[in-house]
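Worksheet: one structure, shown below.
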Amino acid sequence: MKLDLYAELDWRGMVYAGTEGVREALAGAPVTAYIGFDPTASSLHVGSLLPVMALARLQRCGHRPIAIVGGGTGLIGDPSGKAQERTLLTLEQVEANLQGIRAQLARFLDFESTAAPARIVNNADWLVGLDLMVFLRDIGKHFTVNYMLAKESVKRRLQQDEGISFTEFSYLMLQAYDFLTLFDRYGCTLQLGGSDQWGNITAGCDLIRKLRGVRAHGLVMPLVTTAAGVKFGKTEAGAVWLDEQRTSPFRFYQFWLNTDDRDVIAYLKYFTFLGQDEIRGLEEARAEAPEKREAQRTLAREVTRLVHGDAHVQRAEHASSLLFGERIAELPADEVLAVFEDVPSTEVSRADLAGDGLGVAELLVRAALAKSRGEATRLIKGGGVYVNNRRVADERAHLGVDQAIEGRLFLLRKGARHLHLVRVAE
RNA sequence: GGGGAGGUUGCGGAGCGGUCAAACGCAGCAGACUGUAAAUCUGCCGCCCCAGUGGCUUCGGAGGUUCGAAUCCUCCCCUCCCCA
């Protein structure tokens with residue numbers, strides 16, 4: 001049986017606004033819908049996870065999802081939500097990034113399904129060869145400058161000193177043209193996006209109505225917020241990526257585990273496929289025993305599984321359970337290595353550890369846990385450094401081979417959750 | 001082409017001849033309290049070391065004036081706004 005997509009998105013809090021009649025449109029025959037993804041990096045980050053999940057849910061409800069990677073528009077830059085003019089990408093960069101994103105989307109979308117296969121398209125296919133005269137005549141004619149100036153994204157930029165370039169100003173028309181093209185090629189009648197995309201999306205709906213006489217729809221999702229007021233998906237190390245080369249599965253898992261109590265239920269709805277009953281159960285668990293953080297654990301497990309798979313979940317959970325115990329020094333080195341496989345590591349030579357040994361401060365710098373020796377020293381003085389889970393009391397402490405786990409390994413930790421493995425090379 | 005504003009340590013933003021490694025806010029890091037949460041409080045937040053009323057390199061770039069320059073002068077580079 002087919003699930004009602006609108007209802008599904010609605011109870012999950014994923015509907016911020018929609019054009020009139022979207023709900024009815026989704027209740028009828030399967031529709032083809034699309035979302036655009038930013039090609040500025042070769043990996044998606046958790047900030048893109050909400051739209052990704054929207055496409056996945058869409059497909060599960062029997063509709064046809066299209067992910068459009070903005071190879072063409074990526075050359076331009078969307079002014080929405082951006083205070084400053086963006087740097088432009090080259091065609092080659094965009095192409096490389098596109099390949100990475102394509103692979104990640106494949107974890108969420110079924111491209112093989114015969115009933116409702118997902119699709120990935122690159123709008124560079126139709127935008128790059130676009131003839132300016134033809135575009136201005138056929139498309140530009142349907143936009144008044146007044147209409148474009150009235151768009152929020154443009155208005156904001158006009159009020160600022162730097163202004164907005166004609167290039168970015170044109171973005172709206174291009175995105176509308178994308179929608180029109182997808183309508184023509186695949187019968188796509190719905191566009192989803194973040195709430196900042198509203199103006200661009202409705203422009204596309206208007207264009208399709210004018211040129212094809214068909215009513216297309218738009219549905220936008222809320223901005224993911226954090227209760228603490230920090231930008232979602234950012235940590236001290238920068239963005240949290242889906243690519244395990246950029247953000248290890250262990251850190252990825254930890255990112256979700258550290259979710260604020262006030263956000264965790266909303267995130268479970270956004271980012272997992274758990275149903276209403278399960279989530280309600282977790283909500284009660286959180287209310288009764290917040291210190292157990294069962295909701296956070298579930299969230300971390302589910303999202304990590306979706307992105308990295310079961311094996312990584314188990315490793316991350318095991319590593320997390322060992323994170324704070326002093327027993328770690330008693331474990332076999334091989335086990336520690338296996339558990340913390342994802343953690344960044346550095347090698348030191350036996351010679352470094354000979355004699356007086358290697359200074360902990362020096363090691364912190366080599367492991368990039370501190371930027372300078374001065375900073376490392378301050379950290380140790382402040383009690384923020386641990387070797388094999390024991391706090392280092394003396395900022396001049398040195399390590400010798402005899403203190404390494406089985407003579408092969410140190411686990412260096414800064415604060416609660418910055419881990420680094422130090423391997424002793426033969 | 002003309003006129004104006006401006007480039008300061010991640011960001012914002014003070015400073016306008018010594019007391020400036022440079023106020024303040026934000027962000028960040030660590031500690032305490034906790035539940036790997038929040039809030040709060042404390043410390044740190046250019047680099048080096050033998051850690052000190054220590055050394056070194058910074059305020060778009062290059063020169064210069066001066067005992068002394070982020071602060072004054074000259075030239076150059078860059079950004080933004082307005083007019084043409």
Side-chain angles (χ1 to χ4, degrees), chain A residues 82-87 157-166 168 225-240 248-268 282-283 285-301 303-304 316-326 328 339-340 342-343 356 359-362 364-387 389-398 411-420:
Chain A
K82 299 286 188 305
Q84 289 187 333
E85 186 87 9
R86 289 219 257 179
T87 46
R157 288 285 289 278
L158 284 176
Q159 282 159 7
Q160 291 183 337
D161 285 351
E162 318 99 83
I164 180 169
S165 67
F166 178 72
E168 286 199 16
T225 55
T226 60
V230 196
K231 192 167 193 266
F232 170 74
K234 291 279 181 188
T235 65
E236 59 284 350
V240 176
S248 75
F250 174 73
R251 277 175 191 278
F252 187 84
Y253 177 90
Q254 286 283 327
F255 166 76
W256 296 101
L257 187 64
N258 283 306
T259 301
D260 193 308
D261 284 9
R262 293 168 292 178
D263 296 321
V264 69
I265 299 303
Y267 291 2
L268 281 163
L282 288 166
E283 199 165 0
R286 189 206 51 181
E288 281 163 29
E291 72 282 1
K292 287 191 176 154
R293 293 176 311 130
E294 199 183 325
Q296 278 92 335
R297 282 178 212 286
T298 308
L299 175 68
R301 186 182 315 124
V303 183
T304 307
E317 285 183 335
H318 193 194
S320 299
S321 71
L322 288 181
L323 194 53
F324 298 97
E326 279 195 20
I328 195 141
V339 162
F340 292 110
D342 297 339
V343 163
D356 292 339
V360 176
E362 168 67 23
L364 283 166
V365 176
R366 286 205 206 176
L369 287 176
K371 284 200 292 284
S372 67
R373 297 202 48 170
E375 182 182 321
T377 304
R378 286 192 294 270
L379 275 169
I380 299 172
K381 270 187 185 165
V385 176
Y386 303 77
V387 171
N389 275 350
R390 303 185 79 103
R391 177 174 278 170
V392 178
D394 176 8
E395 71 265 24
R396 293 195 197 130
H398 281 64
L411 183 69
L412 201 57
R413 197 176 99 213
K414 177 178 90 165
R417 49 188 108 109
H418 296 270
L419 289 174
H420 197 98

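Bear in mind the structure is a predicted one, so any value in this text is a computation, not a measurement. Quick note on labels: first sequence line is chain A, next is B, and so on, each numbered from 1.
Annotation: of the two residues near RNA chain B, A:R413 and A:L257, the 5′-most nearest-nucleotide partner is A:R413.
Across all strands shown, B:A5 is found opposite B:U79 as a Watson-Crick or G-U wobble partner, with both distances under 3.5 Å. When Watson-Crick and G-U wobble pairs are counted only if both distances are under 3.5 Å, B:C26 pairs with B:G10. In this structure, B:G31 and B:C41 make a Watson-Crick or G-U wobble pair, each of the two defining distances being under 3.5 angstrom.
When the P atom of B:A30 is taken as reference, atom CZ of A:R417 falls 8 Å away, rounded to whole Å.
Applying the 4.0 Å criterion to OP1 and OP2 of B:C48, one finds that A:S372 has a side-chain N or O inside that range. Side-chain N/O atoms of A:Y267 include none lying less than 4.0 angstrom from OP1 or OP2 on B:A37. At the phosphate of B:A30, neither OP1 nor OP2 sits under 4.0 Å from any side-chain N or O atom of A:R391. One finds no side-chain N or O of A:R378 lying less than 4.0 angstrom from the OP1 or OP2 phosphate oxygen of B:A30. A close approach under 4.0 Å does not occur between any side-chain nitrogen or oxygen of A:R396 and OP1 or OP2 of B:C50. Residue A:H418 has no polar side-chain atom (N or O) positioned under 4.0 Å from OP1 or OP2 of B:U36.
Atom-to-atom distance recorded for A:R413:CZ and A:H418:NE2 is 10.5 Å, nearest 0.5 angstrom.
Here the nucleotide nearest the side chain of A:T377, chosen from B:U36, B:A38, B:A51, is B:A51. Among the nucleotides B:C48, B:A37, B:A30, the one closest to the side chain of A:D260 is B:A37. Nearest to the side chain of A:S320, among B:G35, B:C44, B:U36, sits B:U36. Among the nucleotides B:A30, B:C47, B:A37, the one closest to any side-chain atom of A:K414 is B:A30.
A distance of about 36 Å separates the P atoms of B:U42 and B:U58, rounded to the whole Å.
Residue A:R293 is tested with A:L257, A:L299, A:V264 for a side chain to side chain contact (heavy atoms under 4.5 Å, CB included); the sole match is A:L257.
For the residue pair A:Q296/A:D261, the side-chain donor-acceptor check at 3.5 Å is satisfied.
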